[in-house]
Amino acid sequence: MKHESSRSFEQDCYKLLLKIPEGKVTTYKEIAHALGEKGYRAVGRAMNRNPNLIDVPCHRVVKSNGEVGGYATGSCRKLELLRQEGVYVSEDGQVDLSKYRYVF
DNA sequence: CACTTGACGTGCC
DNA sequence: GGGCACGCCAAGT
């Protein structure tokens, strides 16, 4: 399944992202796992390439190690957005997944 | 304990 | 058509 899936993969990622409530975050690996795929890299990459930054809250997705990670328009933007939603982010750019991690 | 290397999977050049 | 790059993760050194 490579050609037939095509963008179906990233479309699923967006769909999952939209399920995340405000103030909650998830990890790339969780998304990939939720999709039944191990390509956690493809998840983040799919959004950075052509992310519907206005339609999809990509900023609610962080790394599994607790770091906020990066962002298409700049990691700073992502950090601000997270704090804006009520998610406390450490100065190092780390989020407490134990509290903000959203389970599908 | 901190850093380095290998690796799943996809999208675009 | 093939190869490369990436918003990563996990294991090894």
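Every chain is numbered from 1, with letters handed out A, B, ... down the list of sequences.
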- Task: Drop me the distance from A/K19's NZ to A/K24's NZ, to the nearest 0.5 angstrom.
- Result: 15.0 Å
- Distance from A/L81 atom CG to A/C58 atom SG, nearest 0.5 Å? 10.0 Å
- How many Å lie between NZ on A/K29 and C1' on B/dC8, as a whole number? 11 Å
- Message: Between P on B/dC12 and CG on A/N48, what's the gap in Å once rounded to a whole number?
- Response: 12 Å
- Within the side chain of A/R60, is there an N or O that forms a donor-acceptor pair under 3.5 Å with the backbone of A/T26? no
- Tell me, please, the opening and closing nucleotides of DNA chain C, 5' to 3', among those with an atom under 4.0 angstrom from a non-hydrogen atom of chain A. C/dA5 to C/dA10
- Message: Please report the interatomic distance CG(A/L82) to CG(A/L79), rounded to the nearest 0.5 Å.
- Response: 6.5 Å
- Can you find an N or O donor on one side and an acceptor on the other, under 3.5 Å apart, linking the side chain of A/R41 with the base of B/dG9? yes
- Item | A/R77 CZ: over 12 foreign heavy atoms closer than 6.0 Å | no
- Side chain A/K29, main chain A/K63, donor-acceptor under 3.5 Å: no
- Message: Would a single hydrophobic cluster contain both A/V56 and A/Y28, if residues Ile, Leu, Val, Met, Phe, Trp and Tyr are joined by side-chain heavy-atom contacts under 4.5 Å?
- Response: yes
- Query: What residues in residues 56-78 of chain A put a non-hydrogen atom under 4.0 Å from any atom of DNA chain B?
  - Reply: none
- Query: Between B/dG9 atom P and A/D12 atom CG, what is the distance in whole Å?
  - Reply: 16 Å
- Counting only N and O atoms by type, is there a donor-acceptor contact under 3.5 Å from the side chain of A/N52 to the main-chain atoms of A/I54? no
- Message: Using a strict threshold of under 4.0 Å (side-chain N to carboxylate O), is an ion pair present between A/E30 and A/R101?
- Response: yes
- Message: If you apply the rule ring pair (Phe, Tyr, Trp, His ring centres under 6.0 Å), what do you find for A/Y100 with A/Y102, and how did you get there?
- Response: CA-CA 6 Å; A/Y100 300 109; A/Y102 172 71; over 10 Å; no
- Message: Rounded to whole Å, please give me the gap between CZ in A/R45 and P in B/dT10.
- Response: 12 Å
- Please work out the stems of DNA chain C from pairs that are Watson-Crick or G-U wobble with both distances under 3.5 Å, keeping only runs of three or more consecutive pairs. B:2-6 with C:9-13, B:9-13 with C:2-6
- Item | Nearest-0.5 Å distance, CD of residue A/E10 to CG of residue A/L16 | 14.0 Å
